[in-house]
Enquirer: 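What follows is a structure written as structure tokens; I'll ask about it next.
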Number of protein chains: 2
Amino acid sequence: MTFKDHDDLVTIVAWMYYMDGLTQEKIAQEIGISRTKVSRLLSEAHEKGIVQFRITKSLPEYYLLERELKHRFNLKIAVVAPQNGDSLGQFAAESLFKFINEQKPRRVGLGWSTTVSLMAPYLSKGIVQTCQRCSVHDLTGSFIGQRNPYSISWRVADAIDARYVPLPVPVLVENPTLKEESTISNALKEAEKVDIAFVGMGCMGTKSTLLKTGLVSKEMMNDLEMKGCVGEVLMRFFDKEGRPMKSPLDDRIVSIDWPAIKNIPVFVVIAAGEEKVAPLRAALFGGWVSGLITDVQTAKRLLE
Amino acid sequence: MTFKDHDDLVTIVAWMYYMDGLTQEKIAQEIGISRTKVSRLLSEAHEKGIVQFRITKSLPEYYLLERELKHRFNLKIAVVAPQNGDSLGQFAAESLFKFINEQKPRRVGLGWSTTVSLMAPYLSKGIVQTCQRCSVHDLTGSFIGQRNPYSISWRVADAIDARYVPLPVPVLVENPTLKEESTISNALKEAEKVDIAFVGMGCMGTKSTLLKTGLVSKEMMNDLEMKGCVGEVLMRFFDKEGRPMKSPLDDRIVSIDWPAIKNIPVFVVIAAGEEKVAPLRAALFGGWVSGLITDVQTAKRLLE
DNA sequence: AAGTTTTGTGAACAAATGTGCAAGTCTGCA
DNA sequence: TGCAGACTTGCACATTTGTTCACAAAACTT
């Protein structure tokens, strides 16, 4: 075989490599040039667009949304459940375990939230390399006792074989001085130092868990909404630009406060649903969210 | 980033690899799987047709013709000049040098032919690793003297630094006993043992070089044509199925004979032009041609 | 023509990719 | 529940591919 023209050579080599599936070595022998040259000719074919790659399947929507969320809101973690029916809990759990395995955080914090609780079924031992130097912290007080069903901190701690640091006190106390209790204040101080937090997000209005559980009265809810409050994390309220808002409850709430929240390196919100769109928008705008776990529908609304 | 489905994973990896140009290593890190797995996912993408290669330029015509000629006529060498105007001599010379470099033949034979002579401008020293153990043989007698302009054997010998074994005698002798001369008969015997031969091909009728040079009379040419002769190589005639034909000239011709021709391992014919189509067809059909150097137009006619 | 830059080349090396294998995981079935 | 078999996984190694470098041929300059 004799060659007449450089461009022809590029074409022929490209056919032999991509269509016939020969190795560069074989092509080199076949046409009597060095393998190095074959390699270079293939690069050239690539650069000049003589060979093109075509991927028949488009990227899954959730993946595109994840990329866009990360980019738009400067997130470190973005997970979008492909089906609205899928449990966010599973993806939250996976993200948490992945983070633990890769980043080896010293302290992990968990909020009290029905959404965060969805992780529960996906917690099991052995998923992470046990890191006993690690501790798991409640970021808010709990409802009833230390191991109440709403708090899954202890279950996470159990799964990853870490120390569990509870906040063994109601999330809303009547007497603010209760927070002075050394057990409580120490636990809170520890909680403020977590490397990563997984929290839910509360909305205002009738769908609010706070309202439904009776922790916040209808009047107070209305009042906050009037003042421009659009949501809460860890019982801390914020306006539509994600700015912290004061509330009459602040002193009675047992949870880390705004400065602490903003200080957490990786603050991951788990939330989905139309009612969460407004608070999520605000929170993302506020800039104190560095991770989001949601579903396709919510993600789309956020990116509109 | 969390993954939901195996097929999605294949797609995503394919995009990252082929579109974003990431290495498998980087992809592996990015999505938290082993590099091995990325490699396997890419294979899968390939097998399942999720990724496809597209080459925008088609293979050059001459290359396709070369492949087809090789395949159809079981040739070891097939060269098709891309433009009809291109000199076959250049490609003949390239092929010869390539063969010499790669196969290190002991003996090279050259026919006497205007077409073979086209090599002349492309001969120069230093193109091959000098092989002094090699010799270059005339396969037919020559016209005038040892170094006549039609014979390029000595020039090839010079170029590759090889011994030149001439047939210093006219190609057509009046007295057949001249062939008994030891110089001649020895040279012929040597010539019969060449590893590769480059020869031209003669046609019948008015375009025949034999006729034009007056070596063969018009009457004899007509007579041979009547008997079914379609062409000649080295002054040996053959019919339309490439079978050797006797002619009254046979005894007076100084060239290797049919058994010797058929015995040459690589017998390369250099010929192009409409008048050569019939003889080439016959010769290829006859099966004693193992190499062909021609042009696009002739190649197409041969493959019709 | 002699020198100078540019271009192209292959050998040697470095990086990336593919594969056999052993160990682990999952699944169906008793 | 326990077990066999199919499948998956990652490691270590083999192969393949890309890049650097030094050199030589070609083009250009003086």
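Because only heavy atoms are used, hydrogens play no part in the values below, and waters and symmetry mates are left out as well, while side chains stay in. In the text below, chain A, chain B and the rest are named by the order of the sequence lines, each starting its count at 1. The structure presented is a predicted model; accordingly, all values stated were derived computationally and were not measured.
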Enquirer: Rounded off to whole Å, could you give me the NE2-to-P distance for the B/H6 and C/dT25 pair?
Expert: 19 Å
Enquirer: Assess, by modelled atom type and distance only, whether the side chains of B/E44 and B/H6 contain a donor and an acceptor separated by less than 3.5 Å.
Expert: yes
Enquirer: For D/dG10, does OP1 or OP2 lie under 4.0 Å from any side-chain N or O of B/S34?
Expert: yes
Enquirer: Does A/Q24 have a side-chain nitrogen or oxygen under 4.0 Å from the phosphate oxygens OP1 or OP2 of D/dT15?
Expert: no
Enquirer: Mapping B/G32 and A/V38 to their closest nucleotides on DNA chain D, which lands nearer the 5' end?
Expert: B/G32
Enquirer: Taking atom C1' of D/dT17 as reference, at what distance in whole Å does atom CG of B/L42 sit?
Expert: 15 Å
Enquirer: Should we say atom NZ of A/K300 is surrounded by more than 12 heavy atoms from elsewhere, each under 6.0 Å from it?
Expert: no
Enquirer: Would you kindly give the NZ-to-P distance between A/K26 and D/dT17, to the nearest whole Å?
Expert: 11 Å
Enquirer: Roughly how many Å is it from CD in B/E44 to P in D/dT9, rounded to a whole number?
Expert: 10 Å
Enquirer: For A/T23, which contact category applies under a 4.0 Å heavy-atom criterion: base, sugar-phosphate, or nothing?
Expert: sugar-phosphate
Enquirer: Give the nucleotide from the list D/dG10, D/dG18, C/dT17 with an atom nearest to the side chain of A/R35.
Expert: D/dG18
Enquirer: Looking only at side-chain atoms of A/R40, point me to the closest of C/dT9, D/dA12, D/dT17.
Expert: C/dT9
Enquirer: In whole angstrom, give the distance that lies between atom NZ of A/K37 and atom P of D/dT20.
Expert: 19 Å
Enquirer: Atom CD1 of B/I27 to atom P of C/dT17: distance rounded to whole Å?
Expert: 8 Å
Enquirer: Is it true that A/D7 and B/K57 make a salt bridge, defined as a side-chain N closer than 4.0 Å to a carboxylate O?
Expert: yes
Enquirer: If I compare all heavy atoms of A/A81 with all of A/F91, which pair ends up nearest, and what's the gap?
Expert: CB-CE1, 3.5 Å
Enquirer: When the distance from CD of A/E25 to P of C/dA11 is rounded to whole Å, what number comes out?
Expert: 11 Å
Enquirer: Run B/K70 and B/I77 through side chain to side chain contact (heavy atoms under 4.5 Å, CB included) and show every step you take.
Expert: CA-CA 7 Å; B/K70 269 192 194 167; B/I77 295 174; 6.0 Å; no
Enquirer: C/dG8 P sits how many Å from A/I33 CD1, rounded?
Expert: 14 Å
Enquirer: Are any of A/S39's side-chain N or O atoms less than 4.0 Å away from OP1 or OP2 of D/dG18?
Expert: yes
